[in-house]
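Bear in mind the structure is a predicted one, so any value in this text is a computation, not a measurement. Index from 1, following the sequence. Side chains are part of it too, since the values below use all heavy atoms of this structure and drop only hydrogens, waters and symmetry mates.
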Amino acid sequence: MLAKSLYPVPREIIQDYFVKSVGKTKTWKTEKARKTASDIFSNYACELELLADINNHFYIAPKGIQAILLLQLNRSIKLIETKY
């Protein structure tokens, strides 16, 4: 989502977006909790080779692009199936 408007995506923006997107703004109130949670998530995405972290900026890796395309394809197929 973030890469649609800003690419590469800076780490600081990822942290704020991640906390809001998982609905934990009231649970993860401290800066340390927000940073730890977003770091765990981003490290996992990098280990899965969906993202690449270069100089505190995130890039969508080839496997990440493939995963996005497959998700969009699946969503389109489901939409077509519901119309018939």
### Query
Roughly how far, to the nearest 0.5 Å, is the CG atom of D16 from the CG atom of L2?
9.0 Å
### Query
Does one hydrophobic cluster hold both L6 and F58, with members joined at side-chain heavy-atom distances below 4.5 Å?
yes
#### Entry: Common cluster, V22/L71, ILVMFWY with side-chain heavy-atom separation under 4.5 Å
no
### Query
Cluster question for you: counting only ILVMFWY and a side-chain heavy-atom cut-off of under 4.5 Å, with indirect links fine, are I68 and I65 together?
yes
### Task
Could you pull out the closest heavy-atom pair between F18 and A37, with the gap in Å?
CE2-O, 3.6 Å
### Task
Write down the atom of E49, the atom of A61, and the distance for their closest heavy-atom approach.
O-CB, 3.3 Å
### Main-chain N/O of D39 paired to N43 side chain as donor or acceptor, under 3.5 Å
yes
### Query
Rounded to the nearest 0.5 Å, how far apart are CD1 of I14 and CG of N56?
11.0 Å
### Query
Quick one: CD on E81 to NZ on K78, what's the gap to the nearest 0.5 Å?
5.0 Å
### Summary
Here the pair of heavy atoms bringing W28 nearest to R34 is O-CG, 3.0 Å
### Task
Spell out, as yes or no, whether a donor-acceptor pair under 3.5 Å connects the side chain of T36 to the backbone of A33.
no
### Query
Rounded to the nearest 0.5 Å, what separation is found between the CZ atom of F41 and the OG atom of S21?
7.0 Å
### Query
So with a 6.0 Å cut-off around CG of N55, is the heavy-atom count from everything else above 12?
no
### Query
What is the minimum heavy-atom distance between L50 and K63, and which atoms define it?
CD2-O, 3.7 Å
### Task
Apply side-chain contact (heavy atoms from CB on, under 4.5 Å) to R11 and S38, showing your working.
CA-CA 9 Å; R11 181 177 290 275; S38 60; over 6 Å; no
### Message
If I take atom NZ from residue K83 and atom CD1 from residue I80, how far apart are they, to the nearest 0.5 angstrom?
### Response
8.5 Å
### Heavy-atom side-chain proximity of I60 to Y7 below 4.5 angstrom
yes
#### Entry: Rounded distance [0.5 Å steps], CD in Q15 versus NZ in K35
7.0 Å
### Message
What I'd like to find out is whether the side chain of H57 reaches to under 4.5 Å of the side chain of I54, using heavy atoms alone.
### Response
no
### Task
May I ask whether M1 and L51 are part of the same hydrophobic cluster, defined by side-chain heavy atoms of I, L, V, M, F, W, Y residues being less than 4.5 angstrom apart, directly or through others?
yes
